[in-house]
Amino acid sequence: MHHFEYRDGVLFAEEVSVTKLTENYGTPLYIYSAATFRRHFKAFDSAFDGLDHLTCFSVKANSNLSVLRMLAEEGAGMDIVSGGELYRALKAGVAPEKIVYSGVGKRESEIRDALSAGILMFNVESVAELIKIDEVAGLKGVKAQVSFRINPDVDPQTHPYISTGMAKNKFGLDIENSFKAYEMAAKLDNIEPVGMDCHIGSQLTSIEPFLEALDKLLDFYEKLKGIGIKIKYLDLGGGLGIPYDEEQPPHPTEFGQALSAKLKGLPLKVILEPGRVIAGNAGIMVTKVLYTKSNPTKNFLIVDAAMNDLVRPSLYGSYHRIGEVEEHGRAPMVYDVVGPICESGDFLARDRELPGIKQGERLVLYSAGAYGFTMSSNYNTRPRACELIVDDDKVIVARKRETYEDIVANEL
Ligand SMILES: *Cc1c(COP(=O)(O)O)cnc(C)c1O
């Protein structure tokens, strides 16, 4: 069941015409399908039904409050990477005991806020951070539950900017230093080491790196048992990929079964931190063609969305499938789809074959639900886009389009 589908040549989001939505809310426009969000969450979460587990949605993939609220209602916990994301998760009604806090540079105030909220645990990424958490917890008179983010040194075979579990990456602690960190944590007054954590990268399209990392973690788990450290939580991070183009990532069910087979019978609660696989294909972005132009080598579609709205193509060279909002069936042409920003790196697609497109028509960029709006900015003083959630035939304005006043509100 697909929730972005053509009906008589017009793209629909669930029961609502995308043409109507762009007429009412303008472009660029993010549109999320509530049914798709729910289905993706359930498919992922139920893949681990055989295990004691908690699925924590990775807030940075799509942090709109209405999205978080919707997932929290489905039972999701949240994986946060900043005090801002903690604020959002709590505001969306997520139970603090379902929140895990990852990230390589947590500030003192962020640590304090997370302890005050009573989150489940910190995924600690350095010994210096451990000492800081011990100190802050001591001042508050509480014990902080922690796990260490272990860098298992496996190659996730994804884009270098989103590979996180190799020795050269800034994330986590290598296995040897992790062991020392647990020994130290066990001796600190205000720390309780309760978990082990890893997150090796994003947009992984095969299961092998996950299994390789898990094997290393399970070996390590035995070593910790040997020195009397009892781990309760095993956090396997996120990273499962989605089809943007021709990729064929494993289905969440297959992923869940493969991991569960190794974990069955262990006295561990498994935590998962999926982001992209829940949100990516639950959202689209719609943009209008402002102008067309051609030179001897290129045909350009100059659209009203830009790298400030969707940075993935510029930042990672990512591919987003593009289609027409209303199909016209013209002969195909090869285009560069570019935005108005003053950077040559401002493009949404290059050398893309599309049906012939005319000025004023609207295009849809698929797979924009994750790392789309959340990575957007005000570069070139462009107001950030409006976000809508379509739930059957209902339309929810999840975020109003920014105004110029919004942009300059904090400036002198
Ligand atoms: C970004 C991130 C995730 C989510 O990754 P996806 O590829 O979107 O599933 C999970 N855990 C941590 C620590 C992250 O930084």
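Nothing here was measured: the structure is a model prediction, and the numbers come from that model. Residues take their numbers from the sequence shown, with the count starting at 1. Indexing begins at 1, ligand by ligand and atom by atom, following the structure's order.
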Worksheet item: When you measure from the centre of the six-membered ring of Phe179, is the NZ or CZ of Lys223 under 6.0 Å away and within 45° of the axis?
Response: yes
Worksheet item: Tyr161 vs His159 aromatic rings, parallel, tilted or perpendicular, using cut-offs 30° and 60°?
Response: perpendicular
Worksheet item: Mind checking what residues have non-hydrogen atoms under 4.0 angstrom from ligand 1?
Response: Ser58, Lys60, Asp79, Ser102, Arg149, His199, Ser202, Gly238, Gly239, Glu273, Pro274, Gly275, Arg276, Tyr371
Worksheet item: Hey, is CZ on Arg321 packed in by over 12 heavy atoms from elsewhere, all under 6.0 Å?
Response: no
Discussion item. Please verify the inter-ring angle class for Phe48 with His53; under 30° counts as parallel, over 60° as perpendicular, anything in between as tilted.
Written reply: tilted
Worksheet item: When you look at His320 and Tyr244, which way does the ring-ring contact (aromatic ring centres under 6.0 Å, His included) test go after all the steps?
Response: CA-CA 6 Å; His320 285 267; Tyr244 283 96; 5.5 Å; yes
Worksheet item: How about Lys288: does its NZ atom have over 12 heavy atoms from other parts shown lying under 6.0 Å from it?
Response: no
